[in-house]
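I have placed the structure first, in the form of C-alpha cells, so that the comments after it can refer back to it.
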Amino acid sequence: MEHWSATTIQAFRQTLLAWYDREGRDLPWRRDQDPYHVWVSEVMLQQTQVNTVIPYYQNFMATFPTVDDLAAADQETLLKAWQGLGYYSRARNLQRAAQQVVQDYHGKWPETAAGLADLTGIGPYTSCAIASIAFGEVVPAVDGNAFRVFSRLLMIEDDIAKPQTRQLFKRIIQPIVDPDRPGAFNQAIMDLGSSYMTSKNPDTAHSPVKDFDASFKADRVLDFPVKTKKPRPKLMPYYAIIVQSPAGYLLTQRTTQEMLSGYWTFPLVTQADLQAEDATEPAGLDADIATLEHRWATEYQVPVKLSPVGGQPVSHTYTHQRWQIKLLTATLVETPPLTFYPGKWVLAEQIADLPLPKVQEKIMARYEKQGHPDVFGVN
DNA sequence: GAGACGTGGAA
DNA sequence: TTTCCAAGTCT
C-alpha cells in the first residue's frame, strides 16, 4: 500500500478540487446545501445510480417540499413516491427520521456525523456525507466510490466486502480530506468514481488524478478494489392467485414482517407453504391447486376454482432470492366478503393507483398477454 | 459478521 | 440469459 506525504496530499486536493470545480456534475440536489435536500438525495442514492434517482428526487421534492411535509405524509403517498426505487425500507426509515427531526429535535438538524447517525436509516456513510456537505464537518464519506477510488490510488489490498475495512479506509482518507472544502472533496471523489474511475471500463489514462494513481502506474487498475463475491440468489417457487369478482381483483398488502412491506400484490403463496409436514417430495401442480382451493374455501371462506394461466412462470430476481411464479386464476360471479382474508377488492383500472412492486407489474403484464388483453393497461 | 433488502443498466 | 454492479443500512 502507498503512503502520501503532506506535500502529495496538498497537491492531490488542489488537483481534485480544480477538476471538480471545472467538471463536477450539476445535479438537482447540488443547487444548495439544505440538509433536507442533501439527506433525501443521499438516501435515494444508496445502492442506486444517479440517472435513476434524478426523476424520483424531483418528484419527491414536489410532493414533500419540506421535512415537515414528509413527517406528516400518509404512508400510501410515501410508498407511491418511492415505487420502483427499491430497498423500500429506505422510504419508511426516511419518514421515521423526518418525524424524529420534527418532534425530537424540534426541526433543528444534528450538525455532526455522530449526531446524524442517531437518525433512522442514516449509517456511517450517509452521516458523514450530510455532515460534510451540509455542515462542513471535516470527515470522509466512505461509500463504494471512495472504496474504489482510494483502493486504486493507494493500492489498498483489503477486502472491501468486510465491514471492518471501512474503519481502515476512514483512517486513511481522513487526513486527505480538504479541511476547507470537505463536502466538495467528498462529492469530487464520487464524481471521479462514476466517471474516470468506474468499476467496469475505467478510463484512468484520462483521469485528472492519474499522476496520483499507484494502480495505474503499476498497470493493475482492475485488481482494485478487492471484494469477495456474494452467494447466488436462492430459487423460490411461488403461486400468484388472481381472483376476479364483480368488485374487481383481490389485492393484499405486504405486512411489516415481509419484504416489500406496505406494497400491494395479488395473493402470493410459496410452494413450500403448501407442502404437508410429512411430504417427502414436491406435490405437483394439480395437488397444489387442490390444496389451495381447500385452503381458500375453509380458511378464508372464499370459494375459488383455480385454473393455471398459460406461458412460462414469471421470473423476478432479487439480490438474495429468485422468484419463479406460476399464475393461477379464478373468476367469481358474486363478491364474497373478505372477513377471513386480509385483502381488498380493487377495480382493474384503480390497481395502478396503489403502490406496487415491480414483481406485481410483471405478473399483471403476463396475465394480460395470456388471454386477458388491456385489463390493467400495463402492456 | 454474514445475510436481508429492489431495481435497472451494462456486457 | 447470466452476472455484476450502483452514493448502504439494519439485524
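Below, chain A is the first sequence line, B the second, and so on; all start at residue 1. Note that this is a predicted model, so its numbers are computed, not measured.
Mapping Arg25(A) and Ala117(A) onto DNA chain C by nearest heavy atom places Arg25(A) closer to the 5' end of the strand. Along DNA chain C, the nucleotide closest to Leu119(A) and the one closest to Gln187(A) are compared, and the more 5′ of them pairs with Gln187(A).
For Arg22(A), the CZ atom is densely surrounded, since the number of other residues' heavy atoms within 6.0 Å is greater than 12. For Asp74(A), the CG atom counts as densely surrounded, since its 6.0 Å shell holds more than 12 non-hydrogen atoms of other residues, nucleotides or ligands. No more than 12 heavy atoms of other residues, nucleotides or ligands shown are found within 6.0 angstrom of CG on Asn51(A). Around the CD atom of Glu334(A), the shell of radius 6.0 Å holds no more than 12 heavy atoms that belong to other residues, nucleotides or ligands.
Distance check on atom P: dG3(B) versus dC4(C) gives 16 Å, rounded to whole Å. Taking atom C1' on both dC5(B) and dA6(C), the two are 15 Å apart, rounded to the nearest angstrom. One P atom belongs to dT9(C), the other to dG8(B), and the distance between them is 22 Å to the nearest Å.
Rounded to an integer number of Å, the gap from CZ of Arg166(A) to P of dA2(B) is 15 Å. The interatomic distance linking Ile160(A) (CD1) with dG1(B) (P) rounds to 16 Å, in whole Å. For the pair Asn93(A) CG and dC10(C) C1', the computed distance is 8 Å after rounding to whole Å. Between Asp191(A) atom CG and dA6(C) atom C1' the separation is 14 Å, expressed in whole Å. Atom-to-atom, CZ of Phe147(A) to P of dA6(C) comes out at 14 Å; the value is rounded to the nearest Å. Distance, Leu45(A) CG to dT9(C) P: 12 Å, rounded to whole Å. In this structure, Arg322(A) places its CZ atom 11 Å from C1' of dT3(C), rounding to the nearest Å. The distance between atom CZ of Arg148(A) and atom C1' of dC4(C), rounded to the nearest whole Å, is 13 Å.
Ion pairing between Glu157(A) and Arg220(A) holds under the 4.0 Å rule for side-chain N and carboxylate O. A salt bridge does not link Asp353(A) to Lys80(A): none of the charged nitrogens lies less than 4.0 Å from a carboxylate oxygen. In summary, Asp191(A) and Arg30(A) engage in a salt bridge, as defined by a charged side-chain N under 4.0 Å from a carboxylate O. With respect to Asp203(A) and Lys210(A), no salt bridge is recorded, no charged nitrogen being found less than 4.0 Å from a carboxylate O.
Counting non-hydrogen atoms under 4.0 angstrom, Val50(A) reaches a base of the nucleic acid. In this structure, Leu27(A) reaches the bases: a heavy-atom distance under 4.0 Å links it to at least one base atom across the strands shown. Across all strands shown, Ser194(A) has no heavy atoms under 4.0 Å from either base or sugar-phosphate atoms. When heavy atoms are screened at a 4.0 angstrom cut-off, Gln164(A) is found touching the sugar-phosphate backbone but no base atom. Within the 4.0 angstrom heavy-atom criterion, base atoms lie near Arg30(A). Heavy atoms of Trp29(A) sit under 4.0 angstrom from at least one base atom.
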Expected rows: protein N/O vs nucleotides 9-11 of chain B N/O, under 3.5 Å:
from: dA11(B); atom 1: OP1; to: Asn201(A); atom 2: ND2; distance (Å): 3.3

Mind listing the N/O atom pairs, protein and nucleotides 5-7 of chain B, below 3.5 Å?
from: dC5(B); atom 1: OP2; to: His320(A); atom 2: NE2; distance (Å): 2.5
from: dG6(B); atom 1: OP1; to: Tyr88(A); atom 2: N; distance (Å): 2.6
from: dG6(B); atom 1: OP2; to: Leu260(A); atom 2: N; distance (Å): 3.0
from: dG6(B); atom 1: O4'; to: Tyr87(A); atom 2: N; distance (Å): 2.9
from: dG6(B); atom 1: N7; to: Tyr87(A); atom 2: OH; distance (Å): 3.3
from: dG6(B); atom 1: N7; to: Thr319(A); atom 2: OG1; distance (Å): 2.8
from: dG6(B); atom 1: O6; to: Tyr87(A); atom 2: OH; distance (Å): 2.9
from: dG6(B); atom 1: N1; to: Gln47(A); atom 2: O; distance (Å): 3.2
from: dG6(B); atom 1: N2; to: Gln47(A); atom 2: O; distance (Å): 3.3
from: dG6(B); atom 1: N2; to: Thr48(A); atom 2: OG1; distance (Å): 3.2
from: dG6(B); atom 1: N2; to: Leu85(A); atom 2: O; distance (Å): 3.3
from: dT7(B); atom 1: OP1; to: Tyr88(A); atom 2: OH; distance (Å): 2.6
from: dT7(B); atom 1: OP1; to: Lys358(A); atom 2: N; distance (Å): 2.8
from: dT7(B); atom 1: OP2; to: His316(A); atom 2: NE2; distance (Å): 2.9

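Side chain of Lys227(A), nearest nucleotide from dC4(C), dA2(B), dC5(C): dC5(C).
Tyr125(A) shares a hydrophobic cluster with Met190(A); the chain of contacts runs through ILVMFWY side chains whose heavy atoms sit under 4.5 Å apart.
Side-chain contact annotation: Thr291(A) with Asp288(A), donor-acceptor N/O pair under 3.5 Å absent.
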